[in-house]
2 protein chains.
Amino acid sequence: MASIREVAKAAGVSVGSISRYLNGQQLKATNMEKIKKAIDDLGYQENIIAKGLKNNKSFSVGLLMNNISSRLSMDIVSSIEEVMENAGYSILLSGFEGSPERAVNKIDYLISHAVDGLIIFEADKSWPGMAKLANVKVPVISLNNPSDLPNVDTVLVDDRGSVRRLISHLIAQGHHHIGIITAPQSDYTARERLAGVHEAVRDHPDVKVSTFYGDYSRPSGFEGAQQLINRHIDALFVCNFNMSLGALEYCNRAGVRIDQDLSFSHFDYLDEMSNLISNRLVIQQPAKEIGGMCAERLLDRINHQAKDVGSTFIFDNLIVGLGDDQNAINKPKIITKS
Amino acid sequence: MASIREVAKAAGVSVGSISRYLNGQQLKATNMEKIKKAIDDLGYQENIIAKGLKNNKSFSVGLLMNNISSRLSMDIVSSIEEVMENAGYSILLSGFEGSPERAVNKIDYLISHAVDGLIIFEADKSWPGMAKLANVKVPVISLNNPSDLPNVDTVLVDDRGSVRRLISHLIAQGHHHIGIITAPQSDYTARERLAGVHEAVRDHPDVKVSTFYGDYSRPSGFEGAQQLINRHIDALFVCNFNMSLGALEYCNRAGVRIDQDLSFSHFDYLDEMSNLISNRLVIQQPAKEIGGMCAERLLDRINHQAKDVGSTFIFDNLIVGLGDDQNAINKPKIITKS
DNA sequence: CTGAAAGCGCTTACAG
DNA sequence: CTGAAAGCGCTTACAG
């Protein structure tokens, strides 16, 4: 790896000139040519790490995730990566697999790696040690879980509202016994989704709800569908994509035909599947939008000391089958801390 | 962010002593105590970036992926991350979304970020510009695609052999018309899987194969299942997880009962689903194993200048339903370049 | 426009 | 055991 010094020698100019050239300043035309040639000859590649040392930047941001291998995580990572990389930043990816202690340790770890900003996906503010985020000097954004800290922005999706809307629709369609497969209530998102169900049925004493508590796995979706269908539900709502696959497997195996025998709705990732399953209500999370929002907000805070630090941005889900406006989810509600 | 210099001042020792302390050397006991106190008081956190400048290490490795949001990618990322992070390395994640030009550019990008090593997932050696990998000074590992370069190790899975074995089993069971939903043949992995099918039927002129070319999407799996089932296949094999979900959707919608009406086999990610779908043949990729192998091999090459650079490591898949030995996949075949 | 010099946070021979 | 100094690859006032 040739350094700036070697390039300077080869070009017959000072290292300062090389640096200026690399940063787009105008130099004497003949010098610029000599430098260009030297760079090509030596195959010089700049060292962004060294560059950052001087101005205390690393051009990298930390992305700390609860569970790297969840379906939603991947879409989030990929949308964040796209925005960040266009801006010349790289992503330091780290997972804590549901463990609060690991989450807290990895915050230090990423800080040690001198990240310029931090996005934390699905970490709960109540975990012991999370409060130290308040002392982090770089911008922090909490994704999918609220945070009270004054230096932390929050990006959320209104899962509660979406589920309420979906269940209300099922009730309006005349369903009387709705089965719910939910995720562990230790998770904020899972609580919100179940709360949406309860809000929807509150004023409908004639509607019965049966709930199965799954663990995010496909087998638990399978078992949940089995138990609930045996209790003669007329509609099934699955609060998580992976579990919905298990439920689908059960339906196939038991010969339960979706739409005909049972109304089936769930969270999903559509990739144009929507036209094939148009009789079905599907909640589609705006993964790309929230990821992009996080990335852009973080860049804003890194580069321009954005105003209203500590704001919350709330996105809507798209409910396929309810005639939602695809574009609506692009405009988050913004709540500014007063 | 307090620096080593401030700690030195607070502790009344030289910066060299702080550095030595941080790196685990023995100092005079009283000094160690003073340093420890100073570090705690100032909330000092080491700057790994600066540390690396001196010894030309960044304690980060680049992970360049074809498609970050594929199901397999995330399992790979997560297993690599686990090994790397235990060794004190962070992961710089980058995606090229199937675009050869982006892949080539991002190699430079990661090198600029001074990674200590590089793992490239599903990039084809034949792409223009990929040859420059030969000039990369840090260790490189190619995952899921072979590489001829002398400085590049390769980690592969024997998809061809697994598919051959699976299809042979279907034939032995008496199936005569096998439907295949395959992925675009521009991808190495897709070609290998289809080659496995053809190897299996080569000696069975009585067996008919019908092939549908999908595009990895669920809708294409749906459509493939529809077309093939209309051609009266008695077994269906789907070469990709996502497309198998679409096929499953079609079966449900068309009232085709898997196992009873149609033998259904495919690539999958099981999370203990295997006991629920035990009549079905499922190819499970050793994502954790290949990811871990990549990470460990890379660390080996970074830290010990490993022997036999340029080797190929080939793992087996596990075929659920064929009584495979779970442990067998942990031992890759190793081909050393002569 | 450009060179010489100081400095970013750290490490590591070299003396003592 | 420990301090002073040089240096990793770069940037940036400061002079000229």
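So you know, we letter chains A, B, ... as the sequences are listed, proteins then strands, and number each from 1.
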Worked check of side-chain contact (heavy atoms from CB on, under 4.5 Å) between Leu133(A) and Ser147(A): CA-CA 10 Å; Leu133(A) 272 181; Ser147(A) 168; 5.7 Å; no
Val61(B) vs Leu118(B), side-chain contact (heavy atoms from CB on, under 4.5 Å): CA-CA, chis, key distance, verdict: CA-CA 6 Å; Val61(B) 300; Leu118(B) 204 49; over 6 Å; no
Residue pairs passing the side-chain hydrogen bond (donor to acceptor under 3.5 Å, both in side chains) test where at least one lies in residues 124-133 of chain B, sequence neighbours excluded: Asp108(B)-Lys132(B), Asp124(B)-Ser126(B), Lys125(B)-Asp148(B)
Outermost nucleotides of DNA chain D that come under 4.0 Å of a non-hydrogen atom of chain B: dC1(D) to dG9(D)
Members of residues 39-59 of chain B that approach DNA chain D, where some heavy atom sits under 4.0 Å away: Leu53(B), Lys54(B)
Rounded distance in Å between the P positions of dT2(D) and dA6(D): 22 Å
Heavy-atom side-chain contact between Ile76(A) and Ile290(A) under 4.5 Å: yes
In residues 46-54 of chain A, what donor-acceptor pairs under 3.5 Å come from side-chain atoms, sequence neighbours left out?
from	atom 1	to	atom 2	distance (Å)
Glu46(A)	OE1	Lys51(A)	NZ	2.5
Asn47(A)	OD1	Ile49(A)	N	3.0
Asn47(A)	OD1	Ala50(A)	N	3.0

Expected output: side-chain Ser58(A) to main-chain Ala114(A) donor-acceptor under 3.5 Å: yes
Under 3.5 Å donor-acceptor, Asp300(A) side chain and Lys307(A) backbone: no
Side chain to side chain donor-acceptor pair (under 3.5 Å) involving Arg301(B) - partner list, sequence neighbours excluded: Asp153(B)
All N/O donor-acceptor pairs, side-chain side in residues 19-37 of chain B, below 3.5 Å, sequence neighbours left out:
from	atom 1	to	atom 2	distance (Å)
Asn23(B)	ND2	Ser19(B)	O	2.8
Lys36(B)	NZ	Asp40(B)	OD2	3.3
Lys37(B)	NZ	Asp41(B)	OD2	2.7

side-chain contact (heavy atoms from CB on, under 4.5 Å) assessment of Ile120(B) paired with Ile107(B): CA-CA 9 Å; Ile120(B) 302 187; Ile107(B) 290 171; 4.1 Å; yes
Pairs flagged by ring-ring contact (aromatic ring centres under 6.0 Å, His included) wherever residues 30-60 of chain B is involved - sequence neighbours left out: Phe59(B)-Tyr89(B)
Side chains of Thr154(A) and Ile141(A) in contact at under 4.5 Å (non-hydrogen atoms): no
Strand-adjacent residues in residues 10-25 of chain A, judged by heavy atoms under 4.0 Å from DNA chain D: Gly16(A), Ser19(A), Arg20(A), Asn23(A)
Partners meeting salt bridge (charged side-chain N to carboxylate O under 4.0 Å, His left out) with Lys9(A) (sequence neighbours left out): none
Contacting residues from residues 27-36 of chain B, given that a heavy atom lies under 4.0 angstrom of DNA chain D: Leu27(B), Lys28(B), Asn31(B)
Stems where DNA chain C pairs, listed by first number, each of three or more Watson-Crick or G-U pairs under 3.5 Å: C:1-3 with D:14-16, C:5-12 with D:5-12, C:14-16 with D:1-3
Residues forming a ring pair (Phe, Tyr, Trp, His ring centres under 6.0 Å) with Tyr109(B), sequence neighbours excluded: His113(B)
Ion pair check, Lys106(B) and Glu81(A), cut-off under 4.0 Å: yes
